[in-house]
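Taking it in order: structure first as structure tokens, then the write-up.
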Amino acid sequence: MDTLSGAREAHAPSSEDDVATAPAGRPPRFQRLFRSFPISVALALPYVVLILPQAVWNDNEHLGFIVGVFAIALAATLFVELLIAIARSSRIDRQRERGELRPDATLARLNEYGPALRRVAFVVTAVGVAVGVLSAAAGVGSIQSQIGLVAVSAPLAMASALVGGWPTVGVALLIAARLAGQLSVRTFWIWIGVVVLGQGIEAYLTALTASLMAFATSLMMMLLLFGVIRIRYAVIALLVVLVAWPLAFDIRNELRQSTGVAVSTQVGAFDRLRFDEQIARATEVTEVPLDLGQPGPIEMLRYGLVPRALDPERPPISTGIKINMYLGGSATSTYTFLPVTTTYVLGGPVYLLLWYAFWALIGAVILRGGRDLSVLRIVLMGLVFSGPLGWFSTFPDRTIGVLQFFVSFLPVMLFLLLEKTAVKRRAARREAKAAASGEEPS
């Protein structure tokens with residue numbers, strides 16, 4: 001299943017049981033495409049896999065609207081990524097002609113932190129999963145707390161807010177450790193299983209499946225982008241999810257009914273998968289852009305980067321509730337048109353074009369064609385996939401949440417940088433000692 005590719009240098013492991021170096025070879029075709037056009041592929045995947053097939057199969061009368069809005073966003077990302085790909089290819093050709101093209105330094109960069117990378121990945125993942133499960137058990141984020149049936153624990157709510165993004169960050173660190181050759185295939189998949197199990201338990205305890213589906217799709221995109229799985233395994237996983245969905249839907253409804261939450265009997269399991277109809281409801285909006293008091297770009301930075309303790313006066317954000325109320329629903333439910341169409345409705349076509357062009361530029365700057373990957377860049381791509389490029393994310397709420405996740409990751413990155421400095425110092429001392437004794441440095 002593993003298709004990892006990167007630098008071809010060997011890494012000296014500290015433990016043979018925990019290490020498996022990445023096999024050499026040309027990356028699979030889909031991975032090369034994904035790395036060249038990461039934002040365009042991530043944007044197109046939900047439409048190709050879920051939305052457009054449903055719209056065509058069910059003869060959705062608003063197919064033209066669905067395709068038109070999607071085309072605006074895709075045109076923006078493709079334009080930016082094509083320009084950058086052309087410029088990158090030209091630069092690489094010139095470097096190759098002059099003999100200046102360096103080999104991919106991914107393996108060396110990721111191992112600058114020594115075994116601390118593997119250990120930090122374990123700690124961040126374990127803490128993120130544990131806090132998530134405990135918070136869900138206490139009612140944080142549950143459907144009952146959202147409609148006021150239960151009160152949540154303030155300390156757990158605060159802990160959940162502080163490390164809410166750590167499962168995603170943990171997965172990114174696990175991928176980095178795997179690319180670095182510090183994790184065996186078995187160990188890697190055990191830890192990925194732990195994260196998925198934790199998300200499943202959270203979904204069960206909160207009676208909310210949306211967050212689990214969002215996490216699963218962002219996880220799949222991360223694994224595909226960095227070559228951990230091939231596209232055929234992602235397709236198989238999707239088929240398994242579709243087969244299991246009716247059972248999961250029934251369990252969710254039973255849990256909600258057992259706690260006094262009303263459940264519609266008119267909506268079946270596969271009705272909930274009609275994402276084309278969810279998008280089509282945007283045609284009911286009579287004025288685009290729609291002003292619901294949602295934050296603009298500057299306010300997104302304010303909400304995402306400034307802790308609420310330093311900005312207690314800012315109002316809470318729930319764009320999904322505001323959209324639901326606009327469509328005639330109640331304040332106890334949320335509704336979105338999925339990220340692309342929600343961005344169109346709230347910002348208009350020009351805003352949509354600029355928004356996705358911006359993220360295409362960010363993705364290109366972060367990934368750089370998949371060469372010389374670093375821990376920070378892998379984590380940032382994971383956050384992008386779980387936020388603005390998430391299949392089911394709410395604009396702009398999820399983008400704000402991802403900014404908060406990034407802030408919570410900064411102490412982890414600081415620790416890794418300190419470890420990197422310590423590794424360099426230890427290596428320098430060994431070389432100095434070897435030089436003094438007349439031995440060859442290891």
Side-chain angles (χ1 to χ4, degrees), residues 39 128 131-132 135 140-142 145-146 152 154-169 172 206 208 210-211 214-215 218 289-326 331-348 351-352 354-359 361-363 366 376 379-414:
I39 306 303
V131 171
S135 299
V140 178
S142 67
S145 67
Q146 292 181 19
V152 300
L156 277 175
M158 183 177 298
S160 178
L162 287 174
V163 300
W166 277 25
T168 298
V169 172
T206 59
L208 292 170
S211 59
F215 179 83
S218 64
L290 177 64
D291 185 5
L292 295 177
Q294 67 273 9
I298 301 301
E299 287 179 301
M300 288 185 206
L301 295 176
R302 171 191 172 191
Y303 276 86
L305 301 179
V306 179
R308 178 168 286 277
L310 302 179
D311 188 13
E313 300 301 320
R314 68 190 186 204
I317 294 177
S318 183
T319 305
I321 290 178
K322 292 180 178 179
I323 292 175
N324 193 58
M325 294 176 66
Y326 175 86
T332 58
S333 297
T334 65
Y335 194 93
T336 75
F337 311 112
L338 298 188
V340 174
T341 310
T342 302
T343 306
Y344 166 80
V345 168
L346 299 182
Y351 189 101
L352 175 69
L354 296 176
W355 178 254
Y356 281 98
F358 168 77
W359 284 109
L361 179 62
I362 292 297
I366 294 173
L376 178 60
V379 170
L380 287 176
M381 285 307 300
L383 293 178
V384 169
F385 284 158
S386 69
L389 270 296
W391 288 23
F392 312 111
S393 63
T394 300
F395 169 86
D397 305 34
R398 189 61 178 176
T399 301
I400 292 170
V402 163
L403 289 174
Q404 295 170 346
F405 294 167
F406 175 71
V407 172
S408 72
F409 164 68
L410 290 179
V412 178
M413 193 67 228
L414 176 61

Practice item. Give the intermediate values and the outcome of side chain to side chain contact (heavy atoms under 4.5 Å, CB included) for residues V340 and L352. Key: CA-CA 8 Å; V340 174; L352 175 69; 4.1 Å; yes
Exercise for review: For atom CD1 of I298, decide whether the heavy atoms of other residues, nucleotides or ligands shown that lie under 6.0 angstrom number more than 12.
Suggested key: no
Check your understanding: What is the minimum heavy-atom distance between F395 and L346, and which atoms define it?
Key -> O-CD1, 3.8 Å
**Study point:** OG on S211 to CZ on F392, rounded to 0.5 Å
**Key:** 11.5 Å
Practice item. Any chance you could measure M300, atom CE, to D397, atom CG, to the nearest 0.5 Å? Key: 9.0 Å
**Study point:** Validation row: L383, V169 side chains within 4.5 angstrom (heavy atoms)
**Key:** yes
Review point. Taking it one step at a time, do I39 and V384 satisfy side chain to side chain contact (heavy atoms under 4.5 Å, CB included)?
Key: CA-CA 9 Å; I39 306 303; V384 169; 4.2 Å; yes
Check your understanding: Does the side chain of F215 come within less than 4.5 Å of T168's, by heavy atoms?
Key -> yes
Revision key, fill the gap. Minimal heavy-atom distance between W391 and L338, with the atoms involved, is O-CD2, 4.1 Å
Check your understanding: About how many Å separate CG of L380 and CD1 of I362, when rounded to the nearest 0.5 Å?
Key -> 9.5 Å
Review point. Got a second to check how far L292's CG is from T319's OG1, nearest 0.5 Å?
Key: 7.5 Å
Practice item. Find out whether T399 and P388 are in side-chain contact, i.e. whether some heavy atom of one side chain is under 4.5 Å from a heavy atom of the other. Key: yes
**Study point:** Summary of side-chain hydrogen bond (donor to acceptor under 3.5 Å, both in side chains) pairs that have at least one residue in residues 336-347, sequence neighbours excluded
**Key:** none
Check your understanding: Does any non-hydrogen side-chain atom of W166 lie less than 4.5 Å from one of V131?
Key -> no
Review point. Do the side chains of Y356 and P339 get nearer than 4.5 Å, heavy atoms only?
Key: yes
Practice item. Not counting sequence neighbours, list each pair that qualifies as a side-chain hydrogen bond (donor to acceptor under 3.5 Å, both in side chains) and has a residue in residues 292-305. Key: R302-D311
Check your understanding: Is there a donor-acceptor pair under 3.5 Å between the side chain of S393 and the backbone N or O of G387?
Key -> yes
Practice item. Using the six-membered ring wherever Trp is involved, compare the ring planes of F406 and F409 and label them parallel, tilted or perpendicular (cut-offs 30° and 60°). Key: tilted
Check your understanding: What closest approach, in Å, do G348 and P289 show between heavy atoms, and which atom pair accounts for it?
Key -> N-CB, 3.7 Å
